[in-house]
A.B. asks: 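Sharing a structure with you now.
Every chain is numbered from 1 and lettered A, B, ... according to where its sequence line falls, protein lines coming before strand lines. The structure presented is a predicted model; accordingly, all values stated were derived computationally and were not measured.
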Amino acid sequence: MRPGGGGGSGGHGNHEGLRARGAPGRDRLRPRAWAGAAGPCCAACRGGTPRGSPSPPSPRGPLVRLLCPLEPGFVRPVGLRVGRGSGAHPGALRSSGSEQARLKGGVVREDTEEWQKEPSFAGLERVGGVDLSYIKGDDSRACASLVVLSYPGLEVLYEDCRMVAVSAPYVAGFLAFREVPFLVEAVQRLQQEEPRLKPQVLLVDGNGLLHHRGFGVACHLGVLTDLPCIGVAKNLLQVDGLARDELHREQIRSLQREGDTFPLTGTSGSVLGMALRSCNSSKPLYISVGHRVCLETAVRLVQSCCRYRIPEPIRQADIRSREYIRKQMCSPVKVPSSGPEREEKAEVDD
DNA sequence: GCGACAG
DNA sequence: ATCTTGTCGC
Ligand SMILES: [Mg+2]
């Protein structure tokens, strides 16, 4: 049992209501579950107090650690389901948002590589793609995948699929806290095992600057690895006035030919990303800067990586991670045996 | 009750 | 993200 509602559609509602805004009439969007609670529920909810700090010990210390899915080391209690719009605490999200704001300073929005200036990307030989696939009834396990494709041939040169223990729930605006740790690990493994195959740019399944705080998973991964990164989203994240409204649908209809684009301009007037008609799909991609690639280069590169709607590096990472899970579920359960076996069951009877 | 909902 | 077969269309 969890404070703030029994899972499902209750929970904390729209977590992006946490953003600091003075707009009148927005206050009712603020999550209420903990707003009037007697006190903070955990370190994160105290506003990011470092763990182990000499703050007065909470009588609920050990327990509340279990209740903060965005806390490092969080382990979801068995059977606790986290669905849309639930699963994280305002305080945990607040500190995660602070971390995004802090790391955002490291983002480079311009081209930094020579090949990026070339008309046909001469000098570009390897493009990476990353993705995670999940198991339906399992909130803790996922398969993280990193692939590297040749360019311009788009043949798979490298594949790394690995089962991982997911610890953070999915909350829109905080995707990186769920996925990025495993993507960084995959990049580090590649660096270690096959340094020659390290990609010159990484296509990331999700947004970059097109984000509530201008720091989506593509920026996050880019800053943590210092690899050039591009955000590629399949759906529009409605931020800064952008909406999936009739105007937007009309703009989509205006994309007549493959390669056509229109800018995604926020209320501030800045271009946060670009909608791109890839191949012959009527459903566009949403491209944004991750790190060390300008938006124009990002769009051009994604377009040149598309055999189908989804650019091939991401598509291969997606296909292969899902296939990895499928195969694993069909294969017999293996338990690494170590030393003499002991009774595992019926211990409670002793 | 309504809005938002990257993956 | 995932649950899911066939079906209609190019
Ligand atoms: Mg994905």
A.B. asks: Distance check needed: dG7(B) C1' versus L203(A) CG, whole Å only.
C.D. replies: 16 Å
A.B. asks: Distance check needed: dA1(C) C1' versus D131(A) CG, whole Å only.
C.D. replies: 9 Å
A.B. asks: What integer distance in Å separates L242(A):CG from dA4(B):P?
C.D. replies: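 In whole Å, dA4(B) P and L242(A) CG are 12 Å from each other.
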A.B. asks: dA6(B), OP1 or OP2 - any side-chain N/O from R244(A) closer than 4.0 Å?
C.D. replies: yes
A.B. asks: Write down the distance between CD (E179(A)) and P (dA1(C)), rounded to a whole number of angstrom.
C.D. replies: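 In whole Å, dA1(C) P lies 9 Å from E179(A) CD.
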A.B. asks: Roughly, in whole Å, what's the span from CG in L183(A) to C1' in dG7(B)?
C.D. replies: 11 Å
A.B. asks: Does the side chain of Y134(A) get closer than 4.0 angstrom to OP1 or OP2 of dG7(B) through an N or O atom?
C.D. replies: no
A.B. asks: Aromatic contact between F262(A) and H248(A), with the criterion being ring centroids under 6.0 Å apart: yes or no?
C.D. replies: yes
A.B. asks: Just N and O in the side chain of K136(A): are any of them under 4.0 Å from OP1 or OP2 of dT4(C)?
C.D. replies: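 Result: no.
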A.B. asks: Rounded to the nearest angstrom, tell me the gap between atom NE2 in H211(A) and atom P in dA4(B).
C.D. replies: 17 Å
A.B. asks: Would you tell me if any nitrogen or oxygen in the side chain of K234(A) comes within less than 4.0 Å of OP1 or OP2 on dA6(B)?
C.D. replies: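 No.
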A.B. asks: Can you list every side chain to side chain donor-acceptor pair (under 3.5 Å) pair that touches residues 270-283 of chain A, not counting sequence neighbours?
C.D. replies: S268(A)-S270(A)
A.B. asks: Applying the 5.5 Å / 30° rule, does Y170(A) stack onto the base of dG7(B)?
C.D. replies: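 According to the criterion (under 5.5 Å, under 30°), yes, Y170(A) stacks.
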A.B. asks: Select one nucleotide: of dT2(C), dA6(B), dG7(B), the one nearest the side-chain heavy atoms of S133(A).
C.D. replies: dT2(C)
A.B. asks: Just how far, in rounded Å, is C1' of dG7(B) from CG of L236(A)?
C.D. replies: 14 Å
A.B. asks: Is there a side-chain polar atom (N or O) of R178(A) under 4.0 Å from OP1 or OP2 of dA1(C)?
C.D. replies: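 For R178(A), the contact criterion (side-chain N or O under 4.0 Å from OP1 or OP2 of dA1(C)) is not met.
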A.B. asks: Side-chain donor-acceptor pair under 3.5 Å between R292(A) and T112(A), yes or no?
C.D. replies: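 Yes, T112(A) and R292(A) have a side-chain donor paired with an acceptor closer than 3.5 Å.
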A.B. asks: For S321(A) and S145(A), does a side-chain donor sit closer than 3.5 Å to a side-chain acceptor?
C.D. replies: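 No, no side-chain donor-acceptor contact under 3.5 Å.
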A.B. asks: Base, sugar-phosphate alone, or nothing: which one does N207(A) contact when heavy atoms must sit under 4.0 Å apart?
C.D. replies: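 Contact class for N207(A): base.
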A.B. asks: Using whole Å, what does the distance between atom C1' of nucleotide dA1(C) and atom CD1 of I319(A) come to?
C.D. replies: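 Whole-Å distance recorded here is 16 Å.
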A.B. asks: Report, as yes or no, whether the 6.0 Å neighbourhood of atom CZ on R109(A) holds more than 12 heavy atoms from other residues, nucleotides or ligands.
C.D. replies: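 No.
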